[in-house]
There are 2 protein chains.
Amino acid sequence: MGRGKTEIKRIENTRNSQVSFCKRRNGLKKKANELSILYEAEVALIVFCSRGRLFEYSNSNISSTIERLKRISDNSVTPDLDKVFATFYYQEESAKLRQQIQMLETSNRHLLGDSLSTLTAKELEELNKKLKGSLKRIRSKKHEMLQAEIEQFYRRGRITYLISSEHLRRGLQSSPPYKNFVLEI
Amino acid sequence: MGRGKTEIKRIENTRNSQVSFCKRRNGLKKKANELSILYEAEVALIVFCSRGRLFEYSNSNISSTIERLKRISDNSVTPDLDKVFATFYYQEESAKLRQQIQMLETSNRHLLGDSLSTLTAKELEELNKKLKGSLKRIRSKKHEMLQAEIEQFYRRGRITYLISSEHLRRGLQSSPPYKNFVLEI
DNA sequence: CTCTATCTATAAAT
DNA sequence: ATTTATAGATAGAG
């Protein structure tokens with residue numbers, strides 16, 4: 001929202017995104033609060049940012065809301081912090097995280113052209129397509145960076161003229177007085 | 001919002017308010033989801049309506065988010081030592097695993113041509129090389145699979161001769177007695 | 001932080 | 001459910 005439409009996908013972590021995150025967090029909190037007032041609801045909101053910091057909101061008491069959830073969610077979806085249960089629970093969580101890591105590693109290997117034998121012909125074809133797309137984006141990014149660099153040089157006065165290789169081939173005789181130059185790539 | 005300004009105070013429970021409650025709940029959920037995607041945050045939302053019905057949202061797993069919250073909040077109390085130790089141990093482990101996941105996700109994104117702005121020119125070039133290598137391996141794997149498939153056909157007697165397009169172009173006159181054939185690709 | 005143009009959510013009506 | 005008019009949220013700029 002605002003001055004430009006925001007596509008909903010992961011964004012680069014910039015100074016600006018920090019500000020936006022804060023704004024949206026507050027917006028969410030405000031709406032949660034409105035909901036709780038308008039409809040006499042009990043609302044709890046928990047947010048961990050990507051760097052692990054915690055932000056929470058509750059119109060009553062977050063622990064009691066969680067307890068209430070526990071009671072409803074079938075006796076023990078959320079284990080007690082009793083030692084045994086805690087240990088068990090964390091093991092489960094570790095297992096899940098490990099599983100996720102395995103998946104990501106497999107995906108990575110495939111993207112790097114490894115372990116291809118586990119793929120079907122169709123999956124292989126899809127992978128092929130994806131990689132072609134990546135290369136395309138990478139190429140255009142490279143181009144973009146190069147352009148930016150050249151602009152920089154211009155700005156610092158290190159380049160007076162940009163000469164194409166074609167131009168060079170034809171000879172510099174008729175050209176302006178060069179000091180420094182780079183070839184167009 | 002909408003056709004009239006809504007004062008934020010408890011409202012009568014009417015048929016209309018039910019609809020509004022639903023809308024606002026969904027709006028809140030949507031925003032929570034956007035927050036989690038845009039900033040890679042872990043978000044959990046718990047709502048109990050006034051009649052006690054539960055609505056929840058979580059972009060990952062609500063129990064694990066709650067546990068994560070507890071692990072942080074419980075630092076204020078003094079639990080028994082075993083518990084502290086176990087919790088600490090698994091917390092460390094989880095943190096490491098999460099970190100690994102982040103790394104893998106970043107790598108994956110780069111391989112898919114996303115979030116390229118975080119890379120230097122050199123890294124971009126390396127990525128480019130890697131992907132070219134992948135594509136090469138994928139192509140050769142595709143070829144290999146195709147070959148294997150053709151062999152299969154041979155073994156089942158579905159193909160008698162494999163004819164190259166060059167061969168075909170020259171004409172079939174001087175060739176052996178064909179029954180079935182496929183073109184080499 | 002404040003401002004504001006622009007985008008989004010939603011109250012009310014259909 | 002779908003539409004519409006309006007209040008609200010917020011991205012980017014200052």
Side-chain angles (χ1 to χ4, degrees), chain A residues 1-51 53-60 62 65 137 140-141 144-145 147-148 151-152 155, chain B residues 1-59 62 65 106 109 114-119:
Chain A
M1 297 162 212
R3 294 299 176 90
K5 181 170 175 172
T6 328
E7 199 189 346
I8 302 301
K9 57 176 271 193
R10 183 191 172 279
I11 59 170
E12 303 293 332
N13 194 311
T14 64
R15 174 90 192 75
N16 243 336
S17 84
Q18 295 290 325
V19 176
S20 293
F21 179 57
C22 181
K23 284 182 182 176
R24 274 177 178 267
R25 245 192 301 119
N26 286 328
L28 197 62
K29 200 169 134 183
K30 187 179 174 194
K31 287 222 167 273
N33 184 46
E34 290 181 358
L35 195 79
S36 75
I37 294 173
L38 284 166
Y39 310 106
E40 286 193 315
E42 184 172 335
V43 180
L45 174 69
I46 306 168
V47 177
F48 284 100
C49 73
S50 59
R51 288 191 312 181
R53 210 177 137 201
L54 165 68
F55 306 91
E56 53 185 309
Y57 162 82
S58 168
N59 66 315
S60 59
I62 199 156
T65 304
R137 277 192 287 284
S140 90
K141 187 74 196 178
E144 184 188 306
M145 285 173 83
Q147 290 289 11
E151 300 265 324
Q152 277 295 323
R155 252 183 241 116
Chain B
M1 300 157 212
R3 293 299 178 89
K5 179 169 175 172
T6 328
E7 202 188 344
I8 302 301
K9 56 176 272 195
R10 186 190 171 284
I11 58 171
E12 298 299 326
N13 195 314
T14 65
R15 176 93 193 78
N16 242 337
S17 84
Q18 293 292 322
V19 176
S20 292
F21 179 56
C22 181
K23 283 181 183 174
R24 274 176 178 267
R25 247 193 301 116
N26 287 131
L28 198 60
K29 201 168 131 182
K30 187 179 173 195
K31 288 226 166 272
N33 185 45
E34 290 181 355
L35 195 78
S36 75
I37 293 173
L38 283 166
Y39 311 103
E40 284 194 321
E42 184 173 335
V43 180
L45 175 69
I46 306 168
V47 177
F48 286 99
C49 72
S50 56
R51 287 190 314 178
R53 209 177 138 199
L54 166 67
F55 305 91
E56 54 184 307
Y57 162 82
S58 167
N59 67 315
I62 200 158
T65 304
T106 302
R109 266 199 302 278
D114 251 348
S115 311
L116 297 179
S117 298
T118 57
L119 297 178

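When reading the values below, keep in mind they use all heavy atoms of this one structure, side chains included, and skip hydrogens, waters and symmetry mates. We name chains A, B, ... by the order of the sequence lines, and we start the count at 1 in each one.
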Query raised in the report: Taking only residues two or more places apart in sequence, or in another chain, which ones meet D114(B) in a side-chain contact (heavy atoms from CB on, under 4.5 Å)?
Result: K9(A), R109(B)

Query raised in the report: Sub-3.5 Å donor-acceptor pair from the side chain of N33(B) to the main-chain atoms of K29(B), do we have one?
Result: no

Query raised in the report: Which heavy atom of L28(A) sits nearest a heavy atom of A32(B), and at what distance?
Result: CD1-N, 3.6 Å

Query raised in the report: For DNA chain C, which nucleotides open and close the run of contacts to chain B, 5' to 3', at under 4.0 angstrom from a non-hydrogen atom?
Result: dA9(C) to dA13(C)

Report task. At under 4.0 Å between heavy atoms, which parts of nucleotides 6-12 of chain D does protein reach? Answer with one letter per nucleotide, 5' to 3': B base, S sugar-phosphate only, - none. Result -> BBSSBBB

Query raised in the report: To the nearest 0.5 Å, what is the distance between CG (L38(B)) and CZ (R10(A))?
Result: 10.5 Å

Query raised in the report: Where do L35(B) and F21(A) land on the side chain to side chain contact (heavy atoms under 4.5 Å, CB included) test, with the steps shown first?
Result: CA-CA 7 Å; L35(B) 195 78; F21(A) 179 57; 3.8 Å; yes

Report summary line: Tightest non-hydrogen contact, residues T6(A) and M1(A), listed as OG1-N, 3.3 Å

Query raised in the report: Residues in side-chain contact (heavy atoms from CB on, under 4.5 Å) with S20(A), at least two apart?
Result: Y39(B)

Report summary line: Applying side-chain contact (heavy atoms from CB on, under 4.5 Å) to N13(B) and not counting sequence neighbours gives S17(B), Q18(B), S50(B)

Report summary line: Output for pair (N26(A) CG, F55(A) CZ), nearest 0.5 Å, gives 9.5 Å

Query raised in the report: Is a side-chain donor or acceptor of N59(A) paired with a backbone partner of A41(A) at a separation under 3.5 angstrom?
Result: yes

Query raised in the report: Axis-to-axis angle across the helix from dC1(C)-dG14(D) to dT14(C)-dA1(D), five pairs an end, to 10 degrees?
Result: 30°

